[in-house]
Each structure stands twice: as C-alpha cells, then as structure tokens.
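All values reported here derive from a predicted model rather than from experimental measurement.
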Amino acid sequence: MSALKASLLLAASCLWLRCSSADKFGVLDERLRSNLTKPNGAAVNVSLYYESLCPGCRQFLVGELMPTFFMLSDIMNVELVPFGNAQEKGSPGKYEFICQHGAEECQGNMIETCMLNKMGDSAYLVINCMEMAKDVLNAAKPCTDLFSDTPWKTIDSCVNGDEGNKLMHQNAVKTGALKPPHQYVPWVTINGEHTDELQDKAMSSLFNLVCSLYKGEKPAACTLGMKGKKRSFC
C-alpha cells in the first residue's frame, strides 16, 4: 500500500466524516509520518463481520476501521468477512444467499468477497472507496480502476462464477462459527475474541483500542489519539 494512496483515502474519509481542513491535511498526515516505529510486538488482529449495505457497517468501516488500519498498519492486521445477517441455502456450487438489505447487498457482499480473494492489500483501499460512495455497487469498478492493478474482469468473473459462490459459502461458515454467535452487525472480534466491552471500545475509538492493546513499543501515532464516533447497528 503506497503512502500516497493511503493519504488519498484518509482525506476522503475526512470528507465522509466532515472533518475540518486542518484534520484532512494536518493531523492525519502527521499520523502517517509519525508511524515510523518498527514493530517489536505481536500485531493486534481485528476482524469485522459486516454487510456491504448496512449503514452502521459502512459507518464503522469508513469512519473507524480503515482510517485506523491506514495509520497503524504496522501493528495491526485486519480481516473483513462480508456476510453478516445473511442466510444461506442450497448445496455446494449452488448456494443461494438471502441478505438483510436485499439482493443488491448480496451482490455487494459477493463483489467485496472476490476483491479480498483476488486483490491482496489493495482490496482494503477499493472496499473503503466503495463503502464511502453514495452507490456502493456502482462504485465498485471505478474504485477498482483507481486503487488496484487487478482487472475488473477478474472480479466480475469471480462474482458470476462458481468461485465466488464457494468464497461466499466460506464466509457463511466462518460467520456461523462465531463464539459467541453474532447478534448484530457490525460485529468486531479482537484477537479472535468478542465481548461487549471490546465491541463498545472498538465502536467508540478503534484507534485507541488498538494502541492500548499493542504490547510492543507504541508508534508515535498512538500518542495523537482519535475521537470516538457515533455508533449504529443492523
């Protein structure tokens, strides 16, 4: 992930969150520059179980998860699992999915699942770009063209073929195996664990939570902190 692309996404995140001009070009850039500490501890693993069109999921992904990841990528790992409250029926190769926010959400989940499988790290930039857009589905190809070297036809082939169906089934299995079972989305696990306390802290300020849990030498960015955001669930 290039610093230029990260900076662009952070600036765009600020537009979404109505940050001040000083935030867009001052504090956030300073966090990027200051995060130069070589990690000497185990990374904090953050997993997000979500739905592509869930308003609360989009708010958390764009407003908390991705900005935190762009600033603290040296000390944290991120896993995205698009499925959430969807239901699955059928058999291998012919699974059918019913999504909380309709067929378009199932399509969005499938697109993002294929991106995560095909794009490597650039998938995070593309998905952030999509979830930031007014129309998530229509943003998929332009965001791909802007932030990834993976051809759109590769994603489209995955989405409309057996591979995408298999990958979405894997997300269904992974979501169904959560302990405790998820009750809503966004559902966050930290180092494989979910508690009400961890969820509350992640929703309020994931940045501060990751900094507090990291056991190695703290990157300078952690001293700058980040304000909590309004939370919403589906």
Side-chain angles (χ1 to χ4, degrees), residues 1-14 17 19 23-24 26-50 57 59-82 112 115-117 119-128 131 147-148 170-171 174-175 177-180 182 185-229 231:
M1 178 187 307
S2 72
L4 175 59
K5 287 183 177 179
S7 296
L8 287 171
L9 263 293
L10 285 170
S13 295
C14 266
L17 297 169
C19 298
D23 284 332
K24 281 190 287 185
V27 174
L28 292 179
D29 284 348
E30 179 59 30
R31 285 174 182 151
L32 284 170
R33 289 194 298 270
S34 63
N35 190 21
L36 300 175
T37 303
K38 186 175 181 180
N40 58 1
V44 179
N45 298 309
V46 180
S47 297
L48 174 63
Y49 296 80
Y50 74 106
C57 298
Q59 181 183 47
F60 178 76
L61 191 150
V62 171
E64 286 288 341
L65 181 59
M66 289 297 104
T68 298
F69 186 39
F70 296 152
M71 291 183 282
L72 300 179
S73 59
D74 286 345
I75 66 167
M76 69 181 290
N77 299 316
V78 167
E79 177 189 34
L80 297 179
V81 185
E112 294 184 2
M115 288 175 171
L116 290 163
N117 181 260
M119 290 181 171
D121 288 342
S122 66
Y124 298 109
L125 291 161
V126 177
I127 291 172
N128 186 70
E131 295 295 341
F147 289 110
S148 178
Q170 292 173 1
N171 284 357
K174 184 173 292 188
T175 302
L178 283 167
K179 294 182 180 180
H182 87 282
V185 287
W187 187 264
V188 180
T189 68
I190 307 294
N191 294 327
E193 180 183 8
H194 176 94
T195 66
D196 290 343
E197 181 181 8
L198 286 172
Q199 178 81 27
D200 287 344
K201 288 182 177 180
M203 295 296 291
S204 177
S205 177
L206 180 65
F207 184 93
N208 290 340
L209 177 61
V210 171
C211 285
S212 69
L213 292 176
Y214 181 64
K215 302 304 182 185
E217 181 182 354
K218 310 288 186 186
C222 282
T223 65
L224 298 172
M226 194 173 192
K227 293 182 179 179
K229 305 293 187 306
R231 63 193 67 185

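Side-chain contact between P82 and N171: present, with at least one pair of heavy atoms (C-beta onward) separated by less than 4.5 Å. Considering only heavy atoms from C-beta on, Q59 stays 4.5 Å or farther from P186 through its side chain. T189 is listed as a side-chain neighbour of L178, based on a closest heavy-atom distance under 4.5 Å. Contact of the D74 side chain with the P219 side chain is not registered, since no non-hydrogen atoms from C-beta on lie closer than 4.5 Å.
S47 is linked by a side-chain hydrogen bond (donor to acceptor under 3.5 Å, both in side chains) to E79, counting only residues two or more places apart in sequence or in another chain. Under the side chain to side chain contact (heavy atoms under 4.5 Å, CB included) criterion, A123 pairs with M115, L116, M119, not counting sequence neighbours. Every residue two or more places apart in sequence or in another chain that forms a side chain to side chain contact (heavy atoms under 4.5 Å, CB included) with S212 is listed here: L209. Among residues two or more places apart in sequence or in another chain, the ring-ring contact (aromatic ring centres under 6.0 Å, His included) test is passed with H182 by none. Residues meeting the side-chain hydrogen bond (donor to acceptor under 3.5 Å, both in side chains) test with Y50, sequence neighbours left out: E112.
Within the model, atoms CG of L206 and CG of L48 stand 9.5 Å from one another, a figure rounded to the nearest 0.5 Å. Atom CZ of F60 and atom OG1 of T68 lie 7.5 Å apart (nearest 0.5 Å). To the nearest 0.5 Å, the span separating CG on L198 from CE on M203 amounts to 13.5 Å.
Looking at every heavy atom in both residues, A43 comes nearest to N191 through O-OD1, 4.0 Å. Considering all non-hydrogen atoms of both residues, F147 and S122 come closest at O-CB, 3.4 Å. Heavy-atom minimum distance, N128 versus F70: ND2-CE1, 4.2 Å. The shortest non-hydrogen separation linking E217 to N40 is N-OD1, 2.7 Å. Heavy atoms only, all atoms of each residue included: V188 and I190 are closest at CG1-CD1, 3.8 Å. Shown here for F207 and E64, the closest heavy-atom pair between the two residues is N-OE1, 4.2 Å.
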Inset, instruction - Show your reasoning for whether side chain to side chain contact (heavy atoms under 4.5 Å, CB included) applies to L213 and M76. - result: CA-CA 10 Å; L213 292 176; M76 69 181 290; over 6 Å; no
Inset, instruction - Could you walk me through whether Y124 and L80 pass the side chain to side chain contact (heavy atoms under 4.5 Å, CB included) test, one step at a time? - result: CA-CA 9 Å; Y124 298 109; L80 297 179; 3.9 Å; yes
Legend entry - Derivation of the side chain to side chain contact (heavy atoms under 4.5 Å, CB included) call for C222 and I75: CA-CA 11 Å; C222 282; I75 66 167; 4.3 Å; yes
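Between H194 and W187, the ring-plane angle classifies as parallel under the 30° and 60° cut-offs.
Side chain of K218 to backbone of C211: a donor-acceptor contact under 3.5 angstrom is found.
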